[in-house]
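Scroll down for the structure; my scribbles are underneath it.
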Amino acid sequence: MPNIATPLAALRQHRWFKLINGASFQDVAQVYNVTLAYSLAGADCIDVAADSAVIQAAVEAVETAQRLGGGRPLIMVSINDGADPHFRKATFDPRQCPTDCERPCQRICPAAAISFTADVQGILRDRCYGCGRCLPLCPAGLIQTYEQPAAFANITPLIQAGTVQALEIHTQPHRYDAFYALWQQVQPWTGYLKVLAISCPQGEEVISYLRWLSELIQPLQCELIWQADGRPMSGDIGDGATRATIQFGQAILEANLPGFVQLAGGTNGHTVAKLRAMGLLPPRATAKAIAGVAYGSYARKCLAVFHTMADQPWQTVPDILNAAVAAAAALVHPLKSVPSPLAPYG
Ligand code: SF4
Ligand code: SF4
């Protein structure tokens, strides 16, 4: 399904679809193929780690998708203002594992990032995106995490060159000083951006914190998205994961902050139907509506089977590419399929 609206028009029409590759996910072959499939399926934005090789893979995939007739989603890079589960990786020493361990860590890992082959033992660093699901399952308590903060200075040349058109700042309630310090670095570059997103999970006095952020960052020369990160990195777990992000998105809408509200964290194949049933998306929505949805672990899970069938660039294996695009479109289409009677807002 080609992307018929530009990304910013999709944002204003409540049809914004963002693919989250993962702020710590660095498997460039998978980033390339997943980005290619979702770009051809009509995604408006591709969110990637602040890693030059990962950004390059996403850019090449978007260019390939354009050559094949797709639209041109924005490239977004995620950064953070402090410790955050999106910006970490797990590690353990496989030599310490008891020989009779049934390896629950390997079974739970949604990224196939834990290996016990003759060639690779332990965690595949590039694939681990820090979801944390393996941590409580290790009976020997061997698995730890370490921070992998994004360095904003590394991506400013790509922002200036227009390669990266959107930036997302991950923050948490009460991070006043940390956000302020990061904003001093980011603010001079906002004139180059098309979109700035602020991603925040729920927490004590979160709406007050978002109001403070809103006042700090205005005036802004680009579009602003508030990303309601309801239940981070959990959309692939099941139906119920999406409730928290919908409730949080409603709370942000009711706060009437300037900018768009977009869901993430727990989003999956049930999210759009629930939003429509609740009148938070067209056609039943009022002017106060969710502008779009970002999908991470669930979007990647939808295409996981194709990685096991082909790890080369999927445009070289047309049957795989067509099947992957169809699977991606099944997630993109529900958000795009209903005409928007609403006047653009924001
Ligand atoms: S389960 Fe999550 S944290 Fe653990 S290795 Fe896999 S991706 Fe990393
Ligand atoms: S669960 Fe713990 S002990 Fe068992 S294989 Fe995984 S890391 Fe090793």
Side-chain angles (χ1 to χ4, degrees), residues 19-35 38 46-51 53-54 57-58 78 80 82-150 168 170 172 199 201 229-238 240-242 244-245 264-268 294-308 311:
L19 167 70
I20 303 173
N21 272 294
S24 299
F25 189 67
Q26 294 169 288
D27 184 318
V28 291
Q30 290 196 12
V31 166
Y32 177 91
N33 281 330
V34 171
T35 298
Y38 277 99
I46 308 293
D47 189 351
V48 294
D51 172 305
V54 171
S78 282
N80 58 322
D84 188 304
H86 297 91
F87 298 83
R88 68 176 183 178
K89 287 184 184 283
T91 185
F92 67 89
D93 180 354
R95 294 169 300 184
Q96 308 278 325
C97 297
T99 52
D100 61 348
C101 181
E102 293 180 353
R103 298 173 177 167
C105 59
Q106 191 177 32
R107 285 200 302 279
I108 195 75
C109 180
I114 299 180
S115 170
F116 291 97
T117 64
D119 293 336
V120 187
Q121 297 269 316
I123 291 180
L124 302 167
R125 188 180 176 285
D126 286 352
R127 280 196 192 166
C128 174
Y129 65 95
C131 74
R133 290 177 214 171
C134 57
L135 304 180
L137 294 187
C138 177
L142 296 181
I143 310 177
Q144 311 288 323
T145 59
Y146 58 97
E147 296 298 319
Q148 180 167 273
E168 180 161 283
H170 285 249
Q172 294 184 14
S199 181
D229 196 10
R231 193 171 155 188
M233 297 183 284
S234 66
D236 57 319
I237 290 174
T242 206
T245 187
T267 50
N268 54 35
Y295 298 88
S297 56
Y298 185 78
R300 301 194 298 273
K301 181 182 177 184
C302 290
L303 303 194
V305 65
F306 303 110
H307 297 304
T308 65
D311 57 6

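Numbering of ligands and ligand atoms starts at 1, following listing order.
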- request: Determine, using heavy atoms of Pro139 and all atoms of ligand 2, whether some pair is separated by less than 4.0 Å.
  value: yes
Geometric cation-pi criterion, Arg300 with Tyr38: 6.0 Å, 45°: no
- prompt: At a 4.0 Å threshold, what atoms of ligand 2 neighbour a non-hydrogen atom of Pro104?
  reply: 1 (S)
- line: Of all protein heavy atoms, the one nearest atom 7 (S) of ligand 1 is Tyr129 N, 3.6 Å
task: Identify the protein heavy atom lying closest to atom 4 (Fe) of ligand 1, giving its residue, its atom name and the separation to 0.1 Å.
output: Cys134 SG, 2.3 Å
query: Which of the numbered atoms in ligand 2 are below 4.0 angstrom from a heavy atom of Phe116?
result: 5 (S)
Full working for side-chain contact (heavy atoms from CB on, under 4.5 Å) between Phe87 and Ser78: CA-CA 9 Å; Phe87 298 83; Ser78 282; 4.0 Å; yes
message: For Arg95, I'd like to know if atom CZ has over 12 heavy atoms of other residues, nucleotides or ligands within 6.0 Å.
response: no
statement: Counting from 1 in the order shown, the ligand 1 atoms closer than 4.0 Å to a non-hydrogen atom of Cys131 are 1 (S), 2 (Fe), 3 (S), 7 (S)
statement: Gly132 heavy atoms within 4.0 Å reach ligand 1 at atoms 2 (Fe), 3 (S)
field: Polar contact flag, side-chain donor to acceptor under 3.5 angstrom, Gln144-Lys89
entry: no
query: Is atom 2 (Fe) of ligand 2 under 2.8 Å from any N, O or S atom of Cys138?
result: yes
task: State whether a side-chain donor-acceptor pair under 3.5 Å links Asn21 with Thr35.
output: yes
- request: Give the numbers and elements of all ligand 2 atoms closer than 4.0 Å to a heavy atom of Pro98.
  value: 3 (S)
message: Angle between ring planes, His86 versus His170, binned at 30° and 60°: parallel, tilted or perpendicular?
response: tilted
Atom 8 (Fe) of ligand 1: the protein heavy-atom neighbour that sits closest, reported with distance to 0.1 Å: Cys128 SG, 2.4 Å
message: Distance to the ring centre below 6.0 angstrom and angle to the axis at most 45 degrees; does that hold for Arg103 and Phe116?
response: yes
- request: Just need the protein heavy atom nearest to atom 6 (Fe) of ligand 1, so name the residue and atom and give the distance.
  value: Cys109 SG, 2.3 Å
query: At a 4.0 Å threshold, what atoms of ligand 2 neighbour a non-hydrogen atom of Cys101?
result: 1 (S), 3 (S), 4 (Fe), 5 (S)
- prompt: What heavy-atom pair brings Val54 and Val48 nearest, and what distance separates the two atoms?
  reply: CG1-CB, 3.8 Å
